[in-house]
Amino acid sequence: MFDEAAMCYLTPSTDRMPDYAVKPPAALSQKLEMDQGAGYLMLNCRDGLAKSARWRAYLHAKLSSLQLLPRLAANGMGEYRLFNAYGLMPGWIHHTQPVSMPELPGPTRLSVAYLADHPLYPLIATAIEAHLAEEGIQVETMALSPDAYFGGKYSRKIDIWLGAISFGIRGEEGLFNWLGNHDLFLHAFTDELLNKVTYYTTRWREQAKPDCAEALARELVAQQVVPLFHIWTGVVATPDLQDVASNAVGWFDFQSVWYKPSE
């Protein structure tokens with residue numbers, strides 16, 4: 001039974017109204033693990049505003065995690081345990097804030113697409129909307145089904161894709177699986193970037209070079225992917241539940257959990 005469940009961690013219990021659902025215990029951090037992935041913004045460099053080098057540089061700097069996460073924190077986003085990402089995996093530092101903000105190319109409209117039925121994405125989209133409104137930019141948000149989102153159905157109408165990726169136990173190899181599973185990247189990446197994806201993927205398959213994933217991730221971030229946040233995942237349970245542990249995606253093996261009867 002799940003009395004309460006947040007996106008970033010589970011709270012299974014045998015009580016109807018557990019105290020920890022209101023105020024997590026101090027030992028909560030011992031049950032959390034850093035997700036191996038990141039939330040991101042993918043700029044449409046083929047058909048969107050970011051096909052212009054000036055807009056690409058501006059959006060890359062203006063929509064960084066340093067710019068957006070304070071807005072999310074002010075709106076009570078501490079529940080999700082987000083923290084700034086500078087790369088597509090924790091420990092990778094591929095995105096840095098420029099010394100000076102690039103000049104705004106001009107007031108305009110842009111669209112942000114995200115997966116529907118996700119509790120966090122609308123909040124991030126709202127933060128982006130408020131952030132860019134200060135510069136005179138109007139933002140249209142689009143909540144899409146997975147098929148429409150990953151298939152690039154509305155790619156000519158979308159300027160920015162908001163999403164997240166978790167590599168889990170696959171680690172760095174998950175980057176290549178991610179890039180190879182969807183057509184979205186064909187609709188968003190420049191020909192130059194697609195050539196680099198092909199080059200590093202081939203090199204990784206043929207030579208199994210351990211640096212291929214990070215080198216490719218650096219290219220992605222340098223050109224059109226903006227890392228936003230990392231997240232802690234895990235499980236917190238009441239003391240009467242035993243062997244509750246989180247797996248790579250924040251869930252646990254239900255069959256391993258057992259109830260400790262009161263003495």
Side-chain angles (χ1 to χ4, degrees), residues 37-65 67-68 85 87-88 92 94-95 98 101-116 118 121 124-125 128-129 131-132 135 137-165 174-204 212-228:
Y40 63 84
L41 296 175
M42 184 185 304
L43 309 181
N44 186 349
C45 295
R46 190 168 289 272
D47 297 308
L49 277 178
K51 66 182 179 182
S52 162
R54 292 182 62 199
W55 272 108
R56 185 160 60 248
Y58 175 80
L59 294 173
H60 214 270
K62 187 66 176 177
L63 299 179
S64 69
S65 63
Q67 298 278 339
L68 293 179
L88 294 180
W92 286 355
H94 299 155
H95 186 273
M101 183 64 63
E103 182 180 354
L104 173 66
T108 187
R109 298 174 60 92
L110 62 80
S111 59
V112 177
Y114 57 85
L115 288 171
H118 193 289
Y121 292 160
I124 297 176
I128 293 173
E129 184 176 4
H131 193 54
L132 294 182
E135 303 292 327
I137 301 174
Q138 298 181 27
V139 177
E140 176 189 2
T141 60
M142 302 173 63
L144 304 179
S145 67
D147 288 343
Y149 180 95
F150 290 110
K153 182 178 180 180
Y154 301 104
S155 60
R156 293 184 180 275
K157 299 180 180 179
I158 296 171
D159 295 294
I160 301 173
W161 282 274
L162 164 62
I165 182 64
L175 175 64
F176 299 101
N177 295 331
W178 177 53
L179 292 171
N181 283 339
H182 307 292
D183 294 333
L184 171 60
F185 310 105
L186 300 176
H187 298 280
F189 288 179
T190 62
D191 290 338
E192 177 187 3
L193 188 54
L194 287 175
N195 289 336
K196 290 183 177 181
V197 170
T198 301
Y199 167 76
Y200 283 109
T201 302
T202 301
R203 185 181 174 204
W204 170 70
C212 288
E214 184 171 1
L216 177 54
R218 186 183 299 275
E219 294 286 352
L220 297 177
V221 171
Q223 297 193 43
Q224 65 182 92
V225 178
V226 184
L228 285 185

K.L.:
Using the salt bridge (charged side-chain N to carboxylate O under 4.0 Å, His left out) rule, collect all pairs that involve residues 181-193, keeping only residues at least two apart or in two chains.
P.N.:
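For residues 181-193: Arg46-Asp191, Glu192-Lys196.
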K.L.:
Kindly indicate whether the side chain of Leu144, heavy atoms from C-beta on, has any atom under 4.5 Å from the side chain of Tyr154.
P.N.:
yes
K.L.:
Between Leu59 and Asp159, is there a side-chain heavy-atom distance shorter than 4.5 Å?
P.N.:
no
K.L.:
If we ignore hydrogens and angles and just use 3.5 Å, is the side chain of Tyr149 paired with the main-chain N or O of Leu184 as donor and acceptor?
P.N.:
no
K.L.:
Do Glu219 and Tyr199 touch side chain to side chain, with heavy atoms closer than 4.5 Å?
P.N.:
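The answer is no; the side chains never approach within 4.5 Å.
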K.L.:
Any donor-acceptor pair under 3.5 Å linking the side chain of Thr190 with the backbone of Cys45?
P.N.:
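No; zero donor-acceptor contacts below 3.5 Å.
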K.L.:
Look only at the side chain of Gln138 and the backbone of Arg109, and say whether a donor-acceptor pair between them is shorter than 3.5 Å.
P.N.:
no
K.L.:
Are Trp55 and Thr108 packed together at the side-chain level, in the sense that at least one heavy-atom pair is separated by less than 4.5 angstrom?
P.N.:
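They are in side-chain contact.
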K.L.:
Step by step, work out the side chain to side chain contact (heavy atoms under 4.5 Å, CB included) result for Leu110 and Ile137.
P.N.:
CA-CA 7 Å; Leu110 62 80; Ile137 301 174; 3.8 Å; yes
K.L.:
Could you tell me whether the side chain of Phe189 reaches within less than 4.5 Å of the side chain of Met42, counting heavy atoms only?
P.N.:
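Yes, at least one pair of side-chain atoms sits under 4.5 Å.
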K.L.:
Could you tell me if the side chain of Ser64 sits less than 4.5 Å from the side chain of His95, heavy atoms only?
P.N.:
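Counting from C-beta outward, His95 and Ser64 do come under 4.5 Å.
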K.L.:
In Å, rounded to the nearest 0.5 Å, how long is the span from CD1 of Ile160 to CD1 of Ile128?
P.N.:
6.0 Å
K.L.:
Might you point out which heavy atoms bring Ala116 and Ala143 nearest each other, and give the distance in Å?
P.N.:
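What the structure gives for the nearest pair is CB-CB, 4.0 Å.
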K.L.:
Do the side chains of Thr141 and Leu162 get nearer than 4.5 Å, heavy atoms only?
P.N.:
no
K.L.:
Looking at Ala215 and Tyr200, what are the two nearest heavy atoms and their distance?
P.N.:
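Residues Ala215 and Tyr200, closest heavy atoms: CB-CE2, 3.5 Å.
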K.L.:
Only pairs at least two apart or in different chains count here, so list each salt bridge (charged side-chain N to carboxylate O under 4.0 Å, His left out) that has a residue in residues 139-156.
P.N.:
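Applying salt bridge (charged side-chain N to carboxylate O under 4.0 Å, His left out) to every pair that reaches into residues 139-156, excluding sequence neighbours, yields Asp47-Arg156.
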